Q: 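Let me begin by handing over the structure; questions about it come next.
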Amino acid sequence: MKVAIVGTYPAGTFEKFKNYFSEKPEIEVVEVDTQEKFDALTEADAIVLRILKMPKEVVARIKGLKMIMRWGAGFDSVDIEEAGKHGIYVCNTPGANAYAVAELTVALMLAVGRKLICHDRAIHQGEWSKNTFLNLTRTLNNKVVGIIGGGNIGRQVASRVQAFGSTVQYYDPFRLPEEMEEKLHMKYVLEELIRTSDVITLHVPLMDSTRHMIGEKEIEKMKDGAILINVARGGLMDDEAVVNAVNSGKLSGAGIDCVEEEPAKPGSLILENSNIIVTPHVGGGSADISDVMFPMITENIELLEEEKALKYVVNKQYILRGKESA
C-alpha cells in the first residue's frame, strides 16, 4: 500500500511516518512536499494532505486512491463529493488542533484589546507610546465574549476567556444540551449576540450559508468599540467591511488569521491599520501539533490497510450515493 505524505509539515514529520511504518514493509511511505511533485503524482492508495488542494480534477487523477486523510479539521481543500463518486473516503482529524486554534483566538483578543501591535510599531518608530494608546486599551475582565459556533474550538475558547474574567454567550444552529451549557457556563442566545458582545469570535465552517455572515449590516448592529476575531475561514467576514469599520472607529480592532484572499498582498488595506492584526492562517498549526494528529492519522492508515471501517469520515453521504449510481 502506497501512502503519500502531501504538502509541507512541521520538521521531522515525514521521518516520523517512515519510522512508524518501518516494520510494515507492505506500507510504502513517500514524501510529496511540493506542488510540482504533487502534480506528477498519479498513483497512491492513501494521501495525507496538508496545505495543498485536491479539486475535482486532482481527485480523479490519482489512480487507486482509497482515502484522503486531512491533516487538520477543515476539509474545504478537497472536493469531497467528487471523492465520494470515486469511492474515496475523505477523513479529517476533528478536535486535534482545537486547543491550538483556541489559544490563538484568545491571544488575538488580548493583543487587539491591549493594542500590542500599535505599541510595537510606535516603539520601533522611536515613540515611547505608554500613554498614547492607554485610554483605548481593554482587558477581557468583565467583558461579554460572543462565540459563533459551539463546537470543540468554541467550547475551548469559552473556558479560556472565562479564566480572564469574561462571561460567554454563544450561538450555534445545533444547540448544546442544557446540562453542557450549565457546565461550561455558556449562555445560548440568538440575535442579541451581535448587539451585546464586547468581543465576537467566529468558529464555524465556510459554506454558502455562512459566507459574509459578518458584513456591513451586522457590524452596524454591534456595540461601538467591539472587537472581531476570525480564526476559522476567510470569507466568513467581509474583510472590506471590517477594515472600514475599524478605520471609522466603529470597531476598536480585529484579529484575523484567515483573510478572504490568501496570501494577503503587501499594500492590502487589511494590513494598513495596526488595530487589525493579521496572521497567516496558522491557528491550527504548531511544531508540536503532530503529537496529537499523528496517532489519529496512523490509526486510519492501518485500518485502511486492514480493510476495516475508517474513522472521522466526512463524505459518507457521497460515498453511498456513488455506490448507488455505480
Side-chain angles (χ1 to χ4, degrees), residues 72-74 92-116 136-207 209-210 213-214 218-219 221-233 236-237 242 251-258 277 279 282-284 286 288-289 292 312:
N92 66 347
T93 52
N97 61 356
Y99 73 93
V101 179
E103 283 184 4
L104 182 63
T105 299
V106 179
L108 287 172
M109 291 180 187
L110 294 168
V112 173
R114 299 299 295 271
K115 304 294 181 186
L116 297 189
L136 301 174
T137 59
R138 303 174 182 213
T139 68
L140 285 175
N141 189 46
N142 293 323
K143 300 302 186 297
V144 177
V145 174
I147 299 173
I148 300 179
N152 198 345
I153 296 172
R155 296 195 297 272
Q156 291 203 34
V157 171
S159 67
R160 284 161 172 75
V161 297
Q162 288 171 35
F164 286 91
S166 298
T167 57
V168 172
Q169 55 188 12
Y170 84 102
Y171 170 75
D172 193 295
F174 303 99
R175 182 174 179 177
L176 298 173
E178 289 189 19
E179 58 271 21
M180 182 177 289
E181 291 177 351
E182 293 178 4
K183 179 180 179 180
L184 299 175
H185 306 289
M186 295 174 65
K187 178 184 177 182
Y188 183 77
V189 296
L190 295 172
E191 292 85 359
E192 60 262 39
L193 185 146
I194 295 290
R195 293 186 291 102
T196 61
S197 298
D198 298 293
V199 180
I200 296 175
T201 180
L202 308 180
H203 301 286
V204 295
L206 177 64
M207 303 180 291
S209 59
T210 59
M213 65 187 305
I214 300 296
E218 290 75 23
I219 292 172
K221 298 175 184 176
M222 294 179 187
K223 295 176 69 172
D224 290 345
I227 291 173
L228 269 176
I229 305 292
N230 180 17
V231 297
R233 282 294 184 270
L236 293 175
M237 301 193 314
V242 173
L251 298 178
S252 64
I256 304 175
D257 187 46
C258 313
I277 300 177
T279 51
V282 294
S286 67
D288 56 1
I289 202 75
V292 181
Y312 325 118

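Note that the structure is predicted; figures quoted are calculated from it, not measured. This chain uses plain numbering: 1 for the first residue, then up along the sequence.
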Q: Less than 4.5 Å apart, side chain to side chain, heavy atoms only: is that true for L104 and T279?
A: yes
Q: Ignoring hydrogens and geometry, is there a side-chain-to-backbone donor-acceptor pair from Y170 to E181 under 3.5 Å?
A: no
Q: Does the R138 side chain pair with the main chain of G225, one donor and one acceptor, at a distance under 3.5 Å?
A: yes
Q: Output all residues satisfying salt bridge (Lys or Arg N to Asp or Glu O under 4.0 Å) with R233, sequence neighbours left out; order by chain, then residue number.
A: D76
Q: Using modelled atom types only, decide if a donor and an acceptor are shared between the side chain of T201 and the backbone of I147 within a distance under 3.5 Å.
A: no
Q: So does N141 get a backbone contact from the side chain of K143, meaning a donor-acceptor N/O pair under 3.5 Å?
A: yes
Q: Who pairs with S252 by side-chain hydrogen bond (donor to acceptor under 3.5 Å, both in side chains), at least two apart in sequence or on another chain?
A: none
Q: Tell me whether N92 contacts the main-chain N or O of G74 through its side chain, where contact means a donor paired with an acceptor under 3.5 Å.
A: no
Q: For the pair S197 (side chain) and V145 (backbone), establish whether a donor and an acceptor sit closer than 3.5 Å, ignoring hydrogens and angles.
A: no
Q: Can you list the steps and then say if I227 with I200 is a side chain to side chain contact (heavy atoms under 4.5 Å, CB included)?
A: CA-CA 6 Å; I227 291 173; I200 296 175; over 6 Å; no
Q: Only counting residues at least two apart or in another chain, list the ones meeting salt bridge (Lys or Arg N to Asp or Glu O under 4.0 Å) with D224.
A: K250
Q: Among residues at least two apart in sequence or on other chains, which ones pass side-chain hydrogen bond (donor to acceptor under 3.5 Å, both in side chains) with E103?
A: none
Q: Side chains of N97 and V292, heavy atoms from C-beta outward: is any pair under 4.5 Å?
A: no
Q: Under 3.5 Å, is there a donor-acceptor pair between the side chain of T105 and the main chain of V157?
A: no
Q: Check salt bridge (Lys or Arg N to Asp or Glu O under 4.0 Å) between D257 and all other residues, then give those that pass, not counting sequence neighbours.
A: none
Q: For residues 183-196, which side-chain donor-acceptor pairs fall under 3.5 Å, sequence neighbours excluded?
A:
residue : atom : partner : partner atom : Å
Y188    : OH   : D172    : O            : 3.3
T196    : OG1  : Q169    : NE2          : 2.8
T196    : OG1  : E192    : O            : 2.5

